[in-house]
Amino acid sequence: MEKMQQVVGRARAAFNSGRCRSLEFRMQQLKALERMVHEKEKEILAAIKADLHKSGYNAYSHEIMSVLGELALAMEKLPSWAAPQPVKKNLLTMRDEAFICLEPLGVVLIIGAWNYPFTLVMQPLVGAIAAGNAVVVKPSEISENTAQLVADILPQYLDPELYHVVTGGVPETTALLAQRFDHILYTGNSTVGKIVMAAAAKHLTPVTLELGGKSPCYIDKDCDLAVACRRITWGKYMNCGQTCIAPDYILCDPSIQSKVVENIKATLQEFYGEDVKSSPDYERIINRRHFERIVGLLEGQKIAHGGETDEASCFIAPTILTDVSPESKVMEEEIFGPVLPIVTVKSVDEAIEFINHREKPLALYVFSNNKKLIKRVISETSSGGFTGNDVIMHFFLSTLPFGGVGNSGMGAYHGKHSFETFSHRRACLIKDLKMESTNSIRYPPGSQKKV
Amino acid sequence: NPYAGLVSQLRAAWLSGKTRPMEYRVAQLEALGRFLDEKKEDILQATALDLGKPSFEACFGEILLIKNELHEALNNLSSWMKDEHVDKNLVTKLDSAFIRKDPYGVVLIIAPWNYPINLLLVPLVGAIAAGNCVVLKPSEISKNSEKLLAETLSSYLDNDCFAVVTAGVQETTRLLENKFDYIFFTGSSSVGRIVMTAAAKHLTPVTLELGGKNPCYVSDVCDVQNVARRVVWGRFLNAGQSCFAPDYVLCSLEMQEKLMPALREAITEFFGSNPQESPDFGRIIGDKQFRRVRALLGSGRVAIGGQTDEKERYIAPTVLADVLPSDPAMQEEIFGPILPIVVVGSMEEAIDFINARPRPLALYAFSCDSKVVNQVLERTSSGGFCGNDTMMHVLLTSLPFGGIGNSGLGMYHGKFTFDTFSQQRGVLHRNMGLEALNGPRYPPYSQQRLGLLTAALEIKRRATCTLL
């Protein structure tokens, strides 16, 4: 506890020194971070590989590229993002200066997750630094290699008093959450999300919670099934299904169920070859606990494809389940693994009702040639984000806010949204001390005329 | 739970989609406008009974300001509701990418007693405009206003989708056990914590409009008469019971001397020689609050005012001089017609004083020297800031109104209210064709594919940077 108090105390003192208010300083730090990503690329890829059995190419495109993109965007836009925004004035304030100042919040806490262990701490960090805050980063202890690496390299490049990395598990995180922060961005599951928000409530700390849930994927009868299944296969099985916005389950008409299975099977062959286990592009489950959890979901299910497992290496083959019952275990919790259940529905109405009866998901996907149908699903459902005719891709457009709603989270980030998440919008009105006569209308004694 | 039935009833209405079409929202907003017109006299009477609120203040603060917000919403609703198209990158160039403003669902608005109509209905305007169903919880302390709202609002708004709940502390605790899709709370920081803790159980996002001690720095270089009038206006409006009122003054000893007669003059000009007889000066809301505020009079020395009348819950417009940071008046938000003056040696000292304390909802600085005003602005942090006046930044709806740290989280007024009650949903609508373009992202991976992907997704930095 004391250690956490010290860390936060140092960050606060460094913030109060005022040096991260200057845009020049923030740019310097962002540039240093960019240098770090380039210079330490090998080490970063190695750490991710050790944690998730992820190939270098995979890790680069999933984790490093998005961070470099955020860095480049922040450095380009910082002057315009940070500039005071003049606002429209009314008759009473016509002669005054009225603007919104974007100011840092103070000391912010970023808690990362293990599935994309590098980008999920780095992307928020870019926004927090750009907005002028001091930051404490708590990477997930489950992806221990990446956590240790981040703890080692960040202080080599960034101002060590302003930006801290804290490693550890539940006890350390609990101690950290007892401290006062000015914003907390947490990525993880809903259960812990509630704990984070309750801890934040004690200090009236605003939070951004990037949680999860079961992201539905509806496949309409009227669509190019081969293309749809290719895209779904890519999004579902990347990172061995351990992606918060992976299509969790499929909803489709029973008449196309077997075609869907066929197409996904063919795509899997194309992506990973005959022997998936020996493909360098296929990852592993993060640890034994999650391995056993996911295997448990297969119980009593009709396995149309896959199902092979190897406990020693935490390998689970890309698996498809058909005719899944909505009440089964695999339909109760977020799968977060390479198991794709297909639940049949007779119509898009049934699909919409099915989706609306469950918790609001982080992402929602619909495949259809019918634009109107897609628009209808969008307007009659609720979700953090949505991609039509593809999966995952809304994550990669930084002009779209990335976040959840309801059980899948609150708040959003990416690009400018990160900057705004970590800033306070301070309303400023500067009047003239003269010109008092115009004020008399508002002073007592009051009269109907004055109103 | 006594409110479970009501909440599920509203949730059913929400799921039916009733509140989503623009025509519906417009109709409800117009009905709200009719409520304000037809019940004007009742509103003036209720707030007069609750707070001794002068009819001028009630007309302005509890009717006009709400109508302003209504008109702004009605005039702009279609553009606020529109999908906001966003810039695309190379990979998404041919797609449709936009931000949708989705309603949250069933939202809860809890209002305090000091502006009992305004602080309930202004958030309501935004909640309706954003397409939500709403549970309204007016303050039980402003009894007459609560009664008016509970008994008459239902004849104007659609009862399937909007409900007024009357509840004391115990019942409100039970109300908060239900799941809402958004909670908007205005009140004290201590209750704000309770609300956020309850919200955490359901992962419900919140906006908390809280309070604190709003500092008012007066530099030596200023037009004393004007400062005095603006400060007196802000401090004694609603008998000091405003969350964004100037709570205390920081100035030099010389300025305290100069200000005193100017303050006295302004008070007399506004409220006459006996403010107790002025129709333009309010009363404290209740006996408990009256006794709390009265106890603060023992701070520093009473330079102006200080008279009280318990029967009427009247406390005279009072200025306390030579107040020490350790005095009772400096330990809590005053929320009454008492203005303590704390003497500081310099602007530096004033800034340090302010920064050593929790960040306030509002911060005021007076100076004829614009550099001084800017220094205070730049070196402090607060919800909002007004230079050379008090309160006025709150009246401009193009400025967000909200706190920071202990004074709150989130913001509203104007479009910000609509945004507060809307979920920003990112939508990417792609083409089913052009599958070849997706090639680089699929396994099996290769160096060549990575190169293509990098080129498509990565944002290149411009060669020059004017800053460095």
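Each chain gets a letter, A, B and so on, in the order its sequence line appears, and its residues count up from 1. Hydrogens, waters and symmetry mates are skipped; everything else that's a heavy atom, side chains included, is used. Everything quoted here is computed from the prediction, not taken from an experiment.
With a threshold of 4.5 angstrom between heavy atoms, Pro54(B) does not approach chain A through any atom at all. Using a 4.5 Å cut-off between heavy atoms, Ser367(B) contacts chain A through its backbone alone, with no side-chain atom that close. For Asp87(B), the parts lying near chain A are the backbone and the side chain together; criterion is any non-hydrogen pair under 4.5 Å. For Ser382(B), the parts sitting under 4.5 Å from any heavy atom of chain A are the backbone and the side chain alike. Both the backbone and the side chain of Arg229(B) come within less than 4.5 Å of a heavy atom in chain A. Heavy-atom distances place no part of Phe180(B) under 4.5 Å from chain A, backbone and side chain included. Interface remark: Thr197(B) contributes backbone and side-chain atoms alike to the contact with chain A (heavy atom separation under 4.5 Å). Of the two parts of Arg230(B), the backbone and the side chain both hold a non-hydrogen atom closer than 4.5 Å to a non-hydrogen atom of chain A. Using a 4.5 Å cut-off between heavy atoms, Gln423(B) contacts chain A through its side chain alone, with no backbone atom that close. The contact between Leu363(B) and chain A is made entirely by side chain atoms (from C-beta outward), counting heavy-atom distances below 4.5 Å.
Counting heavy-atom pairs closer than 4.5 Å to chain A, the top-ranked of the candidates Glu378(B), Arg193(B), Lys88(B) is Arg193(B). In terms of heavy-atom pairs under 4.5 angstrom with chain A, the leader among Leu409(B), Asn226(B), Thr92(B) is Asn226(B). Counting heavy-atom pairs under 4.5 Å between each of Phe98(B), Phe385(B), Phe236(B) and chain A puts Phe385(B) at the top.
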task = Kindly indicate, with the supporting measurements, whether the criterion side-chain hydrogen bond (donor to acceptor under 3.5 Å, both in side chains) is fulfilled by Thr387(A) and Arg430(B).
result = CA-CA 7 Å; Thr387(A) 295; Arg430(B) 310 208 73 198; over 6 Å; no

